[in-house]
K.L.:
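Sharing a structure below in structure tokens format, with a few things to ask.
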Amino acid sequence: MPADEIVTHSSEETIAKGREIASKLRPPVLVLLKGDLGSGKTTLTKGIISGLGAAKEEDVTSPTFNLVHEFRIHNGAGSEMSSHPCKVYHVDLYRIENFHDLESLGLEDALSEKAIVIIEWPERFTFRTDWPTIEIRLDHAGGDSRRIATSGLIRVNELS
Ligand SMILES: Nc1ncnc2c1ncn2[C@@H]1O[C@H](COP(=O)(O)OP(=O)(O)O)[C@@H](O)[C@H]1O
Ligand SMILES: [Mg+2]
């Protein structure tokens with residue numbers, strides 16, 4: 001198994017991993033989440049966004065219809081990030097058909113301020129950005145097991 005892979009065995013474990021990843025994120029950063037339907041991209045995002053103190057786990061849901069959900073890290077939220085308020089975007093490009101649709105999402109605005117931008121199905125488009133980028137790949141590994149592999153800034157198995 002490559003050095004930057006772990007396997008989780010429940011959605012709770014994946015959420016916990018998301019919280020660990022959150023503790024390492026500093027804006028601006030682009031987090032690309034790749035993997036099939038049901039591989040756990042939204043579940044991992046629950047952990048990341050709740051870990052950032054931007055929302056409760058249950059308030060992080062799949063952006064299936066609006067395609068972009070916007071959160072804000074508030075001052076005094078109790079997270080490590082609380083002294084640096086910023087926006088957190090959760091984007092799902094699964095239903096994006098063309099470049100016009102993509103433009104209508106207003107992602108350029110998101111990418112023009114120092115934010116944390118989490119994108120499901122990023123392979124739908126090529127992102128040209130000079131932002132630090134973390135790529136996380138999730139795969140079914142039988143039953144409730146999911147293989148989570150990272151590349152970029154964070155090695156998922158070095159999180160503590
Ligand atoms: N180890 C695991 N990690 C993440 N999700 C899991 C795991 N085991 C089972 N699941 C379930 O798999 C589904 C993952 O769905 P979701 O996170 O929406 O995937 P995606 O966003 O990649 O389509 C959820 O129903 C979740 O409860
Ligand atoms: Mg999803």
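Side chains are part of it too, since the values below use all heavy atoms of this structure and drop only hydrogens, waters and symmetry mates. Just follow the structure's listing: the first ligand is 1, and inside any ligand the first atom is 1.
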K.L.:
Output, in order, the C-alpha distance, side-chain angles, deciding distance and verdict of salt bridge (Lys or Arg N to Asp or Glu O under 4.0 Å) for Arg19 and Glu57.
P.N.:
CA-CA 10 Å; Arg19 289 175 170 271; Glu57 251 170 51; 3.5 Å; yes
K.L.:
Sort out the contact shell of ligand 1: every protein residue with a heavy-atom distance below 4.0 Å, listed by chain and number.
P.N.:
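Within the 4.0 Å shell of ligand 1, which is judged on heavy atoms, sit Thr8, His9, Ser10, Ser11, Thr14, Asp36, Leu37, Gly38, Ser39, Gly40, Lys41, Thr42, Thr43, Glu120, Asp144, Arg146.
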K.L.:
If we only count heavy atoms from C-beta on, is the Thr42 to Glu120 side-chain gap below 4.5 Å?
P.N.:
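A side-chain contact exists here, since the closest heavy-atom pair is under 4.5 Å.
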K.L.:
Just wondering, do Thr8 and Ile148 contact through their side chains at under 4.5 Å, heavy atoms?
P.N.:
yes
K.L.:
Kindly assign one of parallel, tilted or perpendicular to the pair Trp121 and Tyr94, based on the angle between their ring planes and the thresholds 30° and 60°.
P.N.:
tilted
K.L.:
Give me the protein N, O or S atoms that fall under 2.8 Å of the Mg ion (ligand 2), sorted by chain and residue number.
P.N.:
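Under 2.8 Å from the Mg ion (ligand 2) - ignoring waters, which are not counted - the protein N, O or S atoms are Thr42 OG1, Glu120 OE1.
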K.L.:
If hydrophobic clusters are built from ILVMFWY residues whose side chains come within less than 4.5 Å, do Leu52 and Ile15 share one?
P.N.:
no
K.L.:
Are any non-hydrogen side-chain atoms of Arg137 and Asp139 less than 4.5 angstrom apart?
P.N.:
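In short, these two side chains touch, coming nearer than 4.5 Å.
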K.L.:
Would a 4.5 Å heavy-atom cut-off, applied to side chains only, mark Ile136 and Leu32 as touching?
P.N.:
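No; the side chains remain at least 4.5 Å from each other.
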K.L.:
Are Asp92 and Asn66 packed together at the side-chain level, in the sense that at least one heavy-atom pair is separated by less than 4.5 angstrom?
P.N.:
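Side-chain contact under 4.5 Å: no.
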K.L.:
Using a strict threshold of under 4.0 Å (side-chain N to carboxylate O), is an ion pair present between Lys34 and Glu123?
P.N.:
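Between Lys34 and Glu123 there is no salt bridge, as every charged N stays at least 4.0 Å from the carboxylate O atoms.
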